[in-house]
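Note sheet for the following structure.
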Amino acid sequence: MTRQIIPVEPFDYVLFGGTGDLAQRKLLPSLYQRDRDGQLPAPSRLIGASRAELTSEAYREFARDALKTHVPDNEREEEHVERFIARLHYVPVDAKSDNGWAELRDLVKQFDDGRIRAFYLAVGPGLFGDISAQLEKFDLIDDRTRLVIEKPLGRDLESARELNRVVGEHFDEHQVFRIDHYLGKETVQNLLALRFANALFEPLWNGTHIDHVQITVAETVGVGSRAGYYDKSGAMRDMVQNHLLQLLCLVAMEPPASGEADAIRDEKLKVLRALKPITSQTAANTTVRAQYGRGTVEGEQAQGYLDELGTESSTASFVALKAEIDNWRWAGVPFYLRTGKRMAMRMSEIVIQFRPVPHSIFAKGAGAMHSNKLVLRLQPDESVKQWIMIKDPGPGGMRLRHVPLDMSFAVNFEERSPDAYERLLLDVIRGNQTLFMRRDEVEAAWRWIDPIFDAWEETEQAVETYPSGSWGPPQSINLIARDNRIWNDGGPDAPR
Ligand code: NAP
């Protein structure tokens, strides 16, 4: 099937924090890519807003540099770059005062042609309430207005509720787009396609046939100069509460009645509510928290977490959890989650591990029997591999081999895999909330996470150490080995 570019309505995208890191690395490059593909209607504009006293001309130069750094050379044709740059405007605005707001209003209202107005808050969450209130005060909110916010959406249930409350004072829930960029990844969309566009998997998608599920999000980077900032969140708040739990929900949810946003989000919410609470009685056997020590990552010497932070801390840069879902489909099927910084390789994947065959008819000499597994790789090199047993081709009798049915997207479809932000930024304009978290989902996730912190505090559970460049502390291996299972480690060439 040929590639389709679905046009969107004309819009103005206002990027609060338009001079920040997120805007430079993701938002501007992603909007450029959509423009390059011809998806942005002619009159659409992008308006940067932050306190820096820049002219629109200076902001265009800033954006040009951002594209140079973050878009590959062969995807930056002059004609496309110039067309994109011409859409850019800039207004100095302070979220915390009235400075610049009248100018922003005048610019946004310059065209009253019914276009969509999206406000992306690429600023700290402490400014979400201020900006929402100012948008209302300066009459910038109507039916065509959308608000985009991103993690951290709170640091516990109470602060998440407060954040939702201050935003909810000015915006209706259907106008609020809470980004979790993992949901925009091609493989995650593919998980939905595999589960609900094939009759093949659904009958097997339960505890009768699935032994367990693993979700790993491993990074090789450390915290470096952002140590002070990171130390306030750590792996649990930064990764588990949002990205890992969202992935778990998509694997575990019941088939929704339709592809409508709320049909899917209702099912995800049910999963979050069915998660078995982790308590001070169970935390020792179901959770591991750890910090990286010194070591070697990708051939380079690396410092330890506390070296980089320069002070004592119990914040974990690695977390492994055994989650259980108390419902008919998943009773007795553990979901092992782990995420960490300074790990052996950068890799995010979901592994659906099927149960072994009940009985082998093959002689010992035929080789080891491996259970089937479906491996969805989110990064790098997004792919879906269904591991199966086959007969090793050629003469030599019956020899069994474990091989992947491979759908490595970039190779098989010769398609540039769009960045998750590209899809999500335009879903906002389309008003499609399917891949965005609803208020009650965010709160339900915190409701499960908060007691884990309480349990760690109450039981004074140790913060383990792992060498930089490893797969985490031995306690993480024990967490899963205790159940006679092993993590699906290793690079693309490692035996699996
Ligand atoms: P950043 O580089 O520090 O940028 C912050 C932006 O906010 C700057 O443009 C800053 O510009 C603007 N700003 C600060 N105070 C302001 C005020 N009073 N009024 C108007 N603008 C103000 O931060 P970032 O990394 O881009 O992250 C922004 C938010 O997104 C954070 O909450 C972060 O946690 C979240 N996030 C970031 C990433 C990422 O990859 N960077 C990923 C996920 C989530 P001025 O100083 O000129 O005002």
Side-chain angles (χ1 to χ4, degrees), residues 13-31 46-56 58-59 62-63 65-66 69-70 88-105 119-135 137-138 140 147-155 159-160 163 166-167 177-185 217 219 221 223-235 237-244 246 339 341 346 348 379 419-422 424-425 428 435-437 442:
Y13 234 119
V14 179
L15 308 179
F16 285 99
T19 54
D21 176 69
L22 184 61
Q24 288 176 67
R25 284 193 311 110
K26 292 291 179 187
L27 307 182
L28 291 167
S30 296
L31 288 163
L46 312 167
I47 302 171
S50 57
R51 289 169 305 178
E53 291 288 338
L54 299 179
T55 60
S56 287
Y59 189 61
F62 169 87
D65 285 346
T69 315
H70 300 292
L88 293 167
H89 301 261
Y90 181 84
V91 189
V93 177
D94 181 4
K96 287 215 160 275
S97 73
D98 283 352
N99 290 347
W101 284 92
E103 290 77 7
L104 179 65
R105 178 193 53 208
F119 296 97
Y120 198 119
L121 309 196
V123 294
L127 297 179
F128 292 178
D130 296 309
I131 295 178
S132 302
Q134 290 295 75
L135 288 171
K137 178 172 165 188
F138 284 84
L140 284 165
L147 185 79
V148 191
I149 54 179
E150 184 159 351
K151 74 171 186 182
L153 299 174
R155 53 172 292 106
S159 54
L163 210 54
V166 294
V167 166
F177 291 72
R178 294 179 191 79
I179 283 210
D180 183 323
H181 71 271
Y182 270 62
L183 299 187
K185 288 184 181 290
V217 176
E219 299 176 282
V221 292
V223 291
S225 59
R226 291 172 73 90
Y229 171 81
Y230 180 86
D231 197 58
K232 295 192 196 93
S233 54
R237 294 188 170 98
D238 192 41
M239 303 299 283
V240 180
Q241 186 273 343
N242 36 57
H243 307 317
L244 277 85
Q246 284 293 318
T339 180
K341 290 195 178 287
R346 173 174 171 265
S348 302
Q379 61 189 21
D419 188 272
Y421 279 92
E422 292 182 38
L424 297 173
L425 281 162
V428 172
L435 301 176
F436 297 82
M437 294 177 292
V442 174

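As the structure lists them, so they are numbered: ligands from 1, and atoms in each ligand from 1.
Salt-bridge formation is detected for the pair E219/K341: a Lys NZ or Arg NE/NH1/NH2 atom is positioned less than 4.0 Å from an Asp or Glu carboxylate oxygen. Using a 4.0 Å cut-off between charged nitrogen and carboxylate oxygen, D98 and K137 count as a salt-bridge pair. A salt bridge does not link D180 with K151: every distance from a Lys NZ or Arg NE/NH1/NH2 to an Asp or Glu carboxylate oxygen is 4.0 Å or more.
Those atoms of ligand 1 with a heavy atom of V93 less than 4.0 angstrom away are 19 (N), 20 (C). In summary, the atoms of ligand 1 found under 4.0 Å from a heavy atom of T19, numbered by their order in the structure, are 8 (C), 9 (O), 11 (O), 47 (O). Distances below 4.0 Å separate heavy atoms of P152 from the following atoms of ligand 1: 32 (O), 34 (O). The atoms of ligand 1 that sit less than 4.0 Å from any heavy atom of G124 are 32 (O). Close approach to G20 involves these atoms of ligand 1, each under 4.0 Å from a residue heavy atom: 2 (O), 4 (O), 8 (C), 9 (O), 26 (O). Atoms of ligand 1 lying under 4.0 Å from any heavy atom of K151, numbered from 1 in the order shown and given with element: 34 (O), 35 (C), 36 (N), 44 (C). Atoms of ligand 1 found under 4.0 Å from any heavy atom of P125 (numbered from 1 in listed order, with element): 32 (O).
Scanning A49, A23, A52 for the heavy atom closest to atom 47 (O) of ligand 1 points to A52. Of the candidates D21, L54, D94, L121, D21 brings a heavy atom nearest to atom 23 (O) of ligand 1.
Between the side chains of E150 and Y421, at least one donor N or O lies within less than 3.5 Å of an accepting N or O. A donor-acceptor pair shorter than 3.5 Å can be found between the side chains of Y90 and S50.
The protein heavy atom nearest to atom 30 (O) of ligand 1 is L22 CD2, 3.8 Å. Closest to atom 21 (N) of ligand 1, if we only count protein heavy atoms, is S50 CA, 3.6 Å. Atom 28 (C) of ligand 1 has its closest protein heavy atom at A122 O, 3.3 Å. The single protein non-hydrogen atom nearest to atom 31 (C) of ligand 1 is V123 O, 3.8 Å, given as residue, atom name and distance. Looking from atom 6 (C) of ligand 1 to the surrounding protein, the closest heavy atom is G17 CA, 3.5 Å.
The two residues P92 and L54 have their closest heavy-atom pair at CG-O, 3.9 Å.
At a heavy-atom cutoff of 4.0 Å, ligand 1 is contacted by the side chain of E150 but not by its backbone. At a heavy-atom cutoff of 4.0 Å, ligand 1 is contacted by the side chain of R25 but not by its backbone. For L127, every heavy-atom contact with ligand 1 shorter than 4.0 Å involves the side chain, none the backbone. When heavy-atom distances to ligand 1 are checked against a 4.0 Å cut-off, A95 comes that close through both its backbone and its side chain. Of the heavy atoms in Y229, only side-chain atoms (C-beta onward) come closer than 4.0 Å to ligand 1.
Under a 3.5 Å cut-off, the side chain of R51 and the backbone N or O of D94 do not form any donor-acceptor pair. R178 places a side-chain N or O within donor-acceptor distance of the main-chain N or O of M437, the cut-off being under 3.5 Å.
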**Study point:** S56 vs L88, side-chain contact (heavy atoms from CB on, under 4.5 Å): CA-CA, chis, key distance, verdict
**Key:** CA-CA 7 Å; S56 287; L88 293 167; over 6 Å; no
Exercise for review: Under the side-chain contact (heavy atoms from CB on, under 4.5 Å) rule, what do I131 and V123 come out as? Steps first, then yes or no, please.
Suggested key: CA-CA 10 Å; I131 295 178; V123 294; 3.9 Å; yes
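There is no protein heavy atom less than 4.0 angstrom from atom 3 (O) of ligand 1.
Both the sub-6.0 Å distance and the 45° axial angle are satisfied by R226 relative to the ring of Y229.
Considering NZ of K26 and CG of D419, their distance stands at 4.0 Å, rounded to 0.5 Å.
Inclusion of R51 in the set of residues having an N or O under 3.5 Å from an N or O of ligand 1 is warranted.
The aromatic rings of H243 and Y182 lie parallel to each other, their planes meeting at an angle below 30°, with 60° marking the opposite boundary.
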